[in-house]
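Heads up: the structure comes next, in structure tokens.
Computed from a prediction, not measured in an experiment: that's the story for all the values here. Every number for a ligand or one of its atoms is a count from 1 in the order of the listing.
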Amino acid sequence: MLKSICALAVGSLLLASTSLHAASDSGPIVIKFSHVVADNTPKGQGALLFKTLAEERLGDKVKVEIYPNSTLYGDANELDALSKNEVQLLAPSLAKFEQYTKQLQVFDLPFLFDDLEAVNRFQKRSKGRQLLRSMESQNIVGLAYWHNGMKQLSATKPLLVPTDAAGLTFRIQPSSVLQAQFSQLGATPLVLPFAEVFEALKSGKVQGAENPWSNIYSKQLHTVQPYITETNHGVLDYMLVSNPRFWYAIPHQIRTQLEGIIDEVTYEVNRQAEAANQADRNRIAATSGTQIISLTDEQRDAWRQAMRPVWQQFEGVIGADIIKAAQTVNRNKR
Ligand code: LMR
């Protein structure tokens, strides 16, 4: 009871807030959507489709501005900008929410999900749905999960067995799980914003990275990484987020339409992400200068074993129940 009274009070306070007003009599609601990747990626395409459908269906009521490639905000400041309502939609990788919730780190655990379909099943089940709301007390509302793809390891030398990674520096997203994953291999993890990855690889500041094919191809990372090992060792997915003070202040009818559009866009992004990644893999395979290394089952298992201690390390902070729920979504139970 007390909870719901508090929720009501907080709700009306938020709605009364004038600094974050969404609707305006004088013009359309402007939704700035900032992201760090290229247009020709699953997230980039999703953002553009959202703009098209929202402006088609909501006419002069809504204007969507898309800022790709960290042109408005980058990894370092986009969530802060969201909290100040300077931007209204973001879709950061799930690895980038650590300071708001530890629970989403489940998605970074190496070799937890066999493939994107397993990730999809987890996101649709109750634990996955709950995680969309795990940051509401921090003024972040999760509207949807969008897929990118499974990550591959790339480096300046061939990575066949886990010890091959020892001594190399790998660029990582800001996630303690990913940090532990590379430390486990005897490698040095270095957190860098996505916008700096190409230059860091090119200059030799880092010698390796982990990315889905679409991010490798769209940023031409393969041109500075002669070896890519097809490890599929983890997932890079996104949460489409907004500031609840902005989102819930949008007039109900318009918000409902926007949420319907988000459902449609989510369906499209997630339906096409795997194929888009495979197409980019094939484009990279067709270029000279980069060797794609396929692992045998035994080799892949050695990587799994080498990274596996990370699960135990983070079980306490993520929650054993969440990890367990995630484990049930693989078809080949281990
Ligand atoms: C990364 O930093 O590697 C990714 O999160 C970039 C992205 O948004 O796909």
- Message: Taking the ring centre of each residue, are F97 and F107 less than 6.0 Å apart?
- Response: no

- Crowded around R125 CZ? As in, over 12 foreign heavy atoms under 6.0 Å? yes

- Query: With a 6.0 Å cut-off on ring centres, are F122 and F113 close enough?
  - Reply: yes

With the criterion set at N/O pairs under 3.5 Å, what does the list of contacts between the protein and ligand 1 look like, atom names and distances included?
from     : atom 1 : to   : atom 2 : distance (Å)
ligand 1 : 2 (O)  : K96  : NZ     : 2.7
ligand 1 : 2 (O)  : R171 : NH1    : 3.4
ligand 1 : 2 (O)  : R171 : NH2    : 2.8
ligand 1 : 3 (O)  : R171 : NH1    : 2.7
ligand 1 : 5 (O)  : K96  : NZ     : 2.9
ligand 1 : 5 (O)  : Q173 : OE1    : 2.7
ligand 1 : 8 (O)  : K43  : NZ     : 2.6
ligand 1 : 9 (O)  : N215 : ND2    : 2.9
ligand 1 : 9 (O)  : Y238 : OH     : 2.4

- Message: Which residue in the set T156, L201, V197 passes side chain to side chain contact (heavy atoms under 4.5 Å, CB included) when paired with V224?
- Response: L201

- Message: In this structure, is the centre-to-centre distance between the rings of H222 and Y217 below 6.0 Å?
- Response: yes

- Task: Return the orientation label for the F111 and H233 ring planes: parallel under 30°, perpendicular over 60°, tilted otherwise.
- Result: tilted

